[in-house]
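The sequence lines fix the lettering, A, B, ..., with proteins before strands; numbering per chain opens at 1.
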There are 2 protein chains.
Amino acid sequence: MTGDGDRGDADPGGEAPERRASSEVISAVMEDYIKAIYAIERDTGERVSTSALADYLDVTAPTVSSMIKKLAERGLVDREEYKGVTLTDDGELVALEILRHHRLLESFLTEQLDYSWVDVHDEADRLEHHVSQKLSDRIAEALGNPPVDPHGDPIPDADLSLPDAGDAVRLVDAEEGDRVVVQRVRDQGDAELRYLADAGVWPGAELVVVDVAPFDMLTVETPSAEQSLPADVARLIEVEPATDDEGA
Amino acid sequence: MTGDGDRGDADPGGEAPERRASSEVISAVMEDYIKAIYAIERDTGERVSTSALADYLDVTAPTVSSMIKKLAERGLVDREEYKGVTLTDDGELVALEILRHHRLLESFLTEQLDYSWVDVHDEADRLEHHVSQKLSDRIAEALGNPPVDPHGDPIPDADLSLPDAGDAVRLVDAEEGDRVVVQRVRDQGDAELRYLADAGVWPGAELVVVDVAPFDMLTVETPSAEQSLPADVARLIEVEPATDDEGA
DNA sequence: ACATAGATTTAGACGAGTCAAATAATTGGA
DNA sequence: TCCAATTATTTGACTCGTCTAAATCTATGT
Ligand SMILES: [Mn+2]
Ligand SMILES: [Mn+2]
Ligand SMILES: [Mn+2]
Ligand SMILES: [Mn+2]
């Protein structure tokens, strides 16, 4: 006999750990839409269009159209026909909760389970919807309540307030000769992250900007080598001036 | 800017980490049915009836009827009309894989995140479907490849073979005066587990059987007190003779 | 001012997973 | 042996998340 005794839990559309402002049931799919809206809104500063969401989530426009209608009914987004959506305060809370789960999971995977910071995203992206508040909090505790995840993204605290990032500068805007420390590597394709990891560019790394802007390229010197980065990539890397006490 | 950049991942019925014998897509719901079939089959030694599954999963008989048809088509169960199902070898592999995830998660939660063994089940029951092979293996490694989970249930190894349990005896079959160590507490309701935890009965605990069978009750002495347990509960506890070297 | 390109929504369909009601098979008593 | 009670299956319907094709709205440029 070896039955585990998984007492009744067929859960197609329903049993996730929910404890938010408005206690409606929010599916994993809805959570992903909300996260996407949050990200695009932060990124562009504008209302999020149907097509932007469709692109981001790799889904067709009609699918988005019907989903945002549902989100609007649930009070999670403000929707204006033909004008896209914005998150409501409730919606933003949902986004922050998922983001907290996501980033804590990423931190946990790198710090306790020896994952590389380039590999954590997909795993966290699945688990974020199924982790309870309690588990998130335990992870945070075990990690000493880290303020940022392995990419340098800020982690909302237990009450979902987001510590505001220091005054970071985009690497692409740095000047020749600047000595900087990487604060944050904004999310991008797997290949790009892997390239950066190989190049020695990751949160915490110290760089010297060697050469700027020939043909949309920027060259930096890492402790081990000199690297050229496309401006598109350098735009997604945030740095601060090296303060000269983060030696080895 | 604080977008996480969760690149496109709306995943309603689809993107779980799958790498099994027959590479069909197996949903979380299907996984739960398979786990249930495995548990009931182990438990009763007989073909699993539609109604047994319906009871176990808290779902109606027609729902089970259609689902087992699908599982049969996928080659995961042998179905005989009106006679219930058995797992095929493929189905058993799926069950063992999920069981591995489940039990490793339970172990991890208790050992690294300070969960009580009575609280781990629900969390593991959700996460088991969303954990990758890689993550399971990392957890196993971090834990030193434990042979059993916090309830004493054996954990299938990476190749999904199940270490066979020692020759355990049900506590209900012990005799007066026996000094035993609890090996395993079979799954049961939350309330029962909590009761046992309060009573000082958990895997590893040493008990002396004080009194047996008056009115379906059995009385044991724990290090701290004397406890009476209903036979129904004692039937689900497995023990081995104390070998006299598991002192403090 | 208005035609048209482009974005958005509507309409209709589908697979998954579920249910209630109706029907059919099995089984164990009489 | 045969019938009633139990169990299982079929049928038809519903929700969720998705799609394609068609209709409709918005915005742009002349
Ligand atoms: Mn996700
Ligand atoms: Mn991140
Ligand atoms: Mn489960
Ligand atoms: Mn267990």
Note: A:K83-A:D78 ion pair, threshold 4.0 Å (strictly below): no

Contact letters for nucleotides 1-6 of chain D, in which S counts primed atoms plus P, OP1 and OP2 and B counts the base, heavy atoms under 4.0 Å: ------

Student check: side-chain heavy atoms of B:L87 and B:V94 closer than 4.5 Å: no

Atom pair distance, as rounded to whole Å: CG in B:L53 and C1' in D:dT7: 14 Å

Atom-pair distance (CG on B:L57; P on C:dG17), nearest Å: 13 Å

Phosphate contact (C:dT18 OP1 or OP2) by B:Y33 side-chain N/O below 4.0 Å: yes

C:dT18 phosphate, OP1 or OP2, under 4.0 Å from B:T60 side-chain N/O: no

Non-hydrogen side-chain atoms of B:S132 and A:R126 separated by less than 4.5 Å: yes

Sidechain N-carboxylate O distance under 4.0 Å for A:D232, A:R235: yes

Lys/Arg N to Asp/Glu carboxylate O, A:R100 vs A:D137, below 4.0 Å: yes

salt_bridge(B:E128, B:K35) N-O dist < 4.0 Å: yes

Aromatic plane relationship, B:F108 with A:F108 - under 30° parallel, 30 to 60° tilted, over 60° perpendicular: perpendicular

Lys/Arg-Asp/Glu bridge criterion (N-O < 4.0 Å) met for A:D119, A:R194: yes

Distance in angstrom units between B:E46 CD and D:dT7 C1', rounded: 15 Å

Distance in angstrom units between A:H129 NE2 and D:dG17 P, rounded: 12 Å

Integer-rounded Å distance: D:dC16 C1' and A:L71 CG: 13 Å

Sequence-aligned protein contact record of nucleotides 6-16 of chain C, with B where the base is within under 4.0 Å of a protein heavy atom and S where only the sugar-phosphate is: --SBB-----S

